[in-house]
Amino acid sequence: MPKRFVTIWFRHLETDWVILRRPLLHQQPFVLAAPDHGRMLVTKANALAQGRGVETGMAVADARTI
């Protein structure tokens with residue numbers, strides 16, 4: 001019998017986890033960021049932030065201008 005695999009991708013898992021612990025962020029666009037070679041990069045963005053054009057991998061300074 002061949003094996004079957006299921007892949008489940010939770011796109012906003014990390015940001016949803018933060019919202020559960022800080023309910024005030026539920027209606028606000030926010031990102032999670034980390035330093036990379038001397039600048040801060042967006043590592044995760046919630047759905048509201050992505051709706052406004054913020055994507056993972058972009059610089060936090062660029063995300064702030066949006």
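Everything numeric here is computed off the predicted structure, so don't read it as measured data.
Under the 4.5 Å side-chain heavy-atom criterion for grouping Ile, Leu, Val, Met, Phe, Trp and Tyr, Leu13 is connected to Val6 within one hydrophobic cluster. Criterion: ILVMFWY side-chain heavy atoms under 4.5 Å apart, direct or through other members. Under it, Leu41 and Val31 are not part of a common hydrophobic cluster.
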Exercise answer: donor-acceptor pairs, residues 45-66 side-chain atoms, under 3.5 Å, sequence neighbours excluded:
| residue | atom | partner | partner atom | Å |
| --- | --- | --- | --- | --- |
| Asn46 | OD1 | Phe30 | N | 3.2 |
| Asn46 | OD1 | Ala49 | N | 3.0 |
| Asn46 | ND2 | Gln28 | O | 3.0 |
| Thr65 | OG1 | Asp62 | O | 2.6 |

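Residue Leu20 is found outside any hydrophobic cluster, as its side-chain heavy atoms come under 4.5 Å of no other Ile, Leu, Val, Met, Phe, Trp or Tyr.
Remark: Asp16 pairs with His12, Ile19 by the side chain to side chain contact (heavy atoms under 4.5 Å, CB included) rule, at least two apart or across chains.
Annotation: Arg21, atom CZ; neighbour count of heavy atoms from other residues, nucleotides and ligands within 6.0 Å is above 12.
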